[in-house]
A.B. asks: 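Can you keep this structure in mind? I'll have questions shortly.
Computed from heavy atoms alone, side chains included, the values below leave out hydrogens, waters and symmetry copies. Keep in mind the model is a prediction, meaning the values are calculated, not measured. Counting convention: from 1, in listed order, for ligands and their atoms alike.
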Amino acid sequence: MPRSYVREARRGLGRRRERIGPIIDRLAAEHADATIALRFRSDLELLVSVMLSAQTTDVNVNRVTERLFREFRRPEDYLAVPQEELERRIYATGYFRQKARSIQGTARVLLEEFDGEVPTRLDDLVRLPGVGRKTANVVAAELGHAQGIVVDTHVRRLSQRLGFTRREEPEKIERDLIRLVPRADWARFPHLLIWHGRRVCDARWPRCEDCVIAELCPSSRV
Ligand code: SF4
C-alpha cells in the first residue's frame with residue numbers, strides 16, 4: 001500500500017460539500033490548461049495510449065506512439081503482426097510483453113464484439129483484456145462519457161490531504177469522490193488534481209505558501 005496522507009488533514013474546516021465548489025473553481029482558474037497529456041487522434045489511439053501509459057510517463061508514451069500510430073491505425077493492424085513485433089515497437093514503455101498481449105487481445109475483442117469501435121460504456125471497456133477500471137475511466141471521460149472519477153496517485157494524495165476521503169483503496173476513494181463531486185465535473189476533476197499535484201502539492205514538499213486553495217485545505221501548512 002502506498003504512503004497515506006489521511007493524517008495530514010488536521011485543520012478543522014468547513015464541510016466537504018461546502019468546500020468542493022470553490023476548490024474546483026480555484027483550481028480550474030489556476031490550471032486552465034489541465035488536460036490529458038497523451039497525444040492521440042482517434043478513439044483507438046486514445047485507448048492504446050492509455051494502456052501503454054501504465055507504469056511510465058506520458059512523455060515516454062507520446063514518443064513511442066508518434067511512430068507506432070503512423071502504421072497502426074485500425075484494430076486489424078495490431079493483429080497483422082506477431083506479438084514480438086508489437087513488443088519491439090512499444091518496448092520503451094516497459095512491461096512490453098504484457099502490454100503487447102493486452103493490446104492484441106483488445107484489438108481482437110473490439111473486432112469480434114464492437115465492430116472495431118471503442119465502446120464508451122464502462123462495463124464494456126473493462127471487459128477488454130488488460131483494461132482496468134482506471135484505464136476505462138480515463139477513456140470514457142476523454143470520449144465525453146465520464147461514468148466515474150479517475151483515481152491515480154495524485155488524485156489519491158490530494159483527495160486525502162483535502163479531507164475528501166479517509167480511504168486508501170482507489171475504488172473506495174472513487175466512491176467517496178462520486179458522492180461529493182458534481183457529475184458535470186467528473187471528467188475535469190482528476191485533471192485539476194493531477195496538475196495541482198505536479199505543480200504545487202508535491203508528495204514530499206507541498207508548496208502550501210503558493211497554493212490557491214490553502215485556506216480551504218485541512219492539510220495546509222500555512
Ligand atoms: S499544497 Fe495546497 S492542497 Fe497541498 S497540502 Fe498544501 S494547501 Fe493543501
A.B. asks: Can you confirm whether Tyr5 sits close enough to Leu158 that some side-chain heavy atom of one is under 4.5 Å from a side-chain heavy atom of the other?
C.D. replies: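 No; the side chains remain at least 4.5 Å from each other.
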A.B. asks: Examine distances only and state if a side-chain atom of Arg157 and a backbone atom of Cys201 form a donor-acceptor pair shorter than 3.5 Å.
C.D. replies: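 Side chain of Arg157 to backbone of Cys201: a pair is present.
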A.B. asks: So Phe189 and Phe164, would you call those rings parallel, tilted or perpendicular, with 30° and 60° as cut-offs?
C.D. replies: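 Plane angle between 30° and 60°, so tilted.
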A.B. asks: Is there an N/O/S atom in Cys217 at a distance below 2.8 Å from atom 4 (Fe) of ligand 1?
C.D. replies: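 Short answer: no, not a single N, O or S atom is under the cut-off.
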A.B. asks: I need the nearest protein heavy-atom contact for atom 6 (Fe) of ligand 1: residue, atom name and distance, please.
C.D. replies: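 Among all protein heavy atoms, the one nearest atom 6 (Fe) of ligand 1 is Cys208 SG, 2.4 Å.
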A.B. asks: Report the part of Cys211 in contact with ligand 1, treating N, CA, C, O as backbone and CB onward as side chain, heavy atoms under 4.0 Å; options are side chain, backbone, both, neither.
C.D. replies: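 The answer is the side chain.
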A.B. asks: Starting from atom 4 (Fe) of ligand 1, locate the nearest protein heavy atom and write down its residue, its atom name and how far away it is, to 0.1 Å.
C.D. replies: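 Of the protein heavy atoms, Cys201 SG, 2.4 Å lies nearest.
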A.B. asks: In Å, rounded to the nearest 0.5 Å, how long is the span from CD of Glu142 to CD1 of Ile36?
C.D. replies: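 These two atoms lie 4.0 Å from each other.
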